[in-house]
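For this chain, numbers begin at 1 and follow the sequence in order. Reckoned from all heavy atoms, side chains included, excluding hydrogens, waters and symmetry mates. Predicted model only: the values in this text are computed from it and were never measured.
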Amino acid sequence: MKDHIQVLALVVVSTLVAGCSLRTMAINTVADSLAAAGDVYASDEDPELVRQALPFALKTMESLLAEQPENRKLLLAACRGFAQYSYAFVDTNADRLESVDYRASLAERERALKLYLRARDYCLRSLELESPGIGRQLEIAPETALAGFGVDEVPVLFWTGAAWGGAISLGKDRAELVADVPA
């Protein structure tokens with residue numbers, strides 16, 4: 001009887017371990033697919049379809065990042081996706097609304113600002129994985145903070161700058177964002 005219990009316990013533990021590795025493998029596969037999907041959205045000929053689909057993809061990325069917070073491909077995809085979505089659909093919509101409904105325009109600008117900051121933060125998380133303390137370095141010595149980065153980091157550096165620049169352009173009335181200009 002004791003042998004049967006040990007075998008049963010071994011089967012249960014093996015199943016749980018296999019289940020965890022299958023789950024991890026599935027998350028990795030979906031994360032890699034989503035991280036590579038940016039080109040599909042950028043090249044689609046139907047911008048309204050992209051406008052409607054992108055929020056689901058972005059929230060899915062965030063769900064996967066909750067499981068894999070150090071997935072650099074996924075962090076870059078989230079940064080790029082939120083920055084592109086903010087610019088293409090929210091910030092641009094705020095411009096269109098300005099002459100028609102000023103209050104709605106202000107609300108859209110606030111939303112765009114938050115999305116840009118969200119994008120920036122995903123890229124900064126990725127940069128922190130490569131170079132711990134880079135966020136602080138950008139605050140105190142922005143002119144030398146990126147000296148150790150190479151060609152492989154160009155995409156994440158570009159999208160960090162695009163997202164951060166977008167936020168600063170919308171937050172010119174906020175001292176904490178204007179102070180980020182050197183970074």
**Prompt:** Which residue pairs satisfy the side-chain hydrogen bond (donor to acceptor under 3.5 Å, both in side chains) criterion with at least one member in residues 134-147, sequence neighbours excluded?
**Reply:** R136-E139

**Request:** Please identify each residue that fulfils side chain to side chain donor-acceptor pair (under 3.5 Å) with D95, with sequence neighbours left out.
**Result:** R109

**Item:** Student check: side-chain heavy atoms of V156 and F149 closer than 4.5 Å
**Value:** no

**Message:** side-chain contact (heavy atoms from CB on, under 4.5 Å), that's the test. Do L157 and L127 meet it? Break it down for me.
**Reply:** CA-CA 8 Å; L157 292 171; L127 290 171; 3.8 Å; yes

**Message:** Going by the rule salt bridge (Lys or Arg N to Asp or Glu O under 4.0 Å), which residues pair with K59 if we only count those two or more places apart in sequence or in a different chain?
**Reply:** E62

Which side-chain N or O atoms in residues 50-57 pair as donor and acceptor under 3.5 Å with protein atoms at least two apart or in another chain?
from: R51; atom 1: NE; to: E48; atom 2: OE1; distance (Å): 3.4
from: Q52; atom 1: NE2; to: E48; atom 2: OE2; distance (Å): 3.2

**Path from Y85 to L113 over hydrophobic side-chain contacts below 4.5 Å** = no

**Message:** Working to the nearest 0.5 angstrom, can you tell me the gap between L115 CG and R118 CZ?
**Reply:** 6.5 Å

**Request:** May I ask you to decide if P69's main-chain N or O and R125's side chain share a donor-acceptor pair within less than 3.5 Å?
**Result:** yes

**Request:** Look up atom CD in E110 and atom OG in S105, then write down how far apart they are to the nearest 0.5 Å.
**Result:** 12.0 Å

**Message:** Measuring from atom CG of L65 to atom CG of N71, what distance do you get when rounded to the nearest 0.5 angstrom?
**Reply:** 6.5 Å

**Residues which pass side chain to side chain donor-acceptor pair (under 3.5 Å) with E70, listed by chain and number, not counting sequence neighbours** = none

**Message:** Applying salt bridge (Lys or Arg N to Asp or Glu O under 4.0 Å), can you list everything that pairs with D121, at least two apart in sequence or on another chain?
**Reply:** none

**Asked** What distance do S131 atom OG and L138 atom CG have between them, rounded to the nearest 0.5 Å?
**Response** 9.0 Å

**Request:** To the nearest 0.5 angstrom, please state how far the CG atom of L58 sits from the OH atom of Y122.
**Result:** 9.0 Å

**Request:** Report the residues that fulfil side chain to side chain donor-acceptor pair (under 3.5 Å) with E128, sequence neighbours left out, ordered by chain and then residue number.
**Result:** none

**Request:** Can you run down the side-chain hydrogen bond (donor to acceptor under 3.5 Å, both in side chains) pairs that involve residues 146-159, sequence neighbours left out, and say none if there aren't any?
**Result:** R72-E153

**Test side chain to side chain donor-acceptor pair (under 3.5 Å) applied to E176 - qualifying residues, sequence neighbours left out** = none

**hydrophobic_cluster_shared for L75 and L64, side chain cutoff 4.5 Å** = yes

**Asked** Does A83 offer a backbone N or O that forms a donor-acceptor pair with the side chain of S86 under 3.5 Å?
**Response** no

**Asked** Y102: which other cluster members, linking ILVMFWY side chains closer than 4.5 Å, directly or transitively?
**Response** L106

**Message:** Contact between L117 and K114 at the side-chain level, heavy atoms closer than 4.5 Å - yes or no?
**Reply:** no

**Asked** ring pair (Phe, Tyr, Trp, His ring centres under 6.0 Å) with Y116: which residues, sequence neighbours excluded?
**Response** none

**Asked** Nearest 0.5 Å, what's the OG-NZ distance between S126 and K73?
**Response** 12.0 Å

**Prompt:** In chain order, what residues pass the ring pair (Phe, Tyr, Trp, His ring centres under 6.0 Å) check against Y87, with sequence neighbours excluded?
**Reply:** none

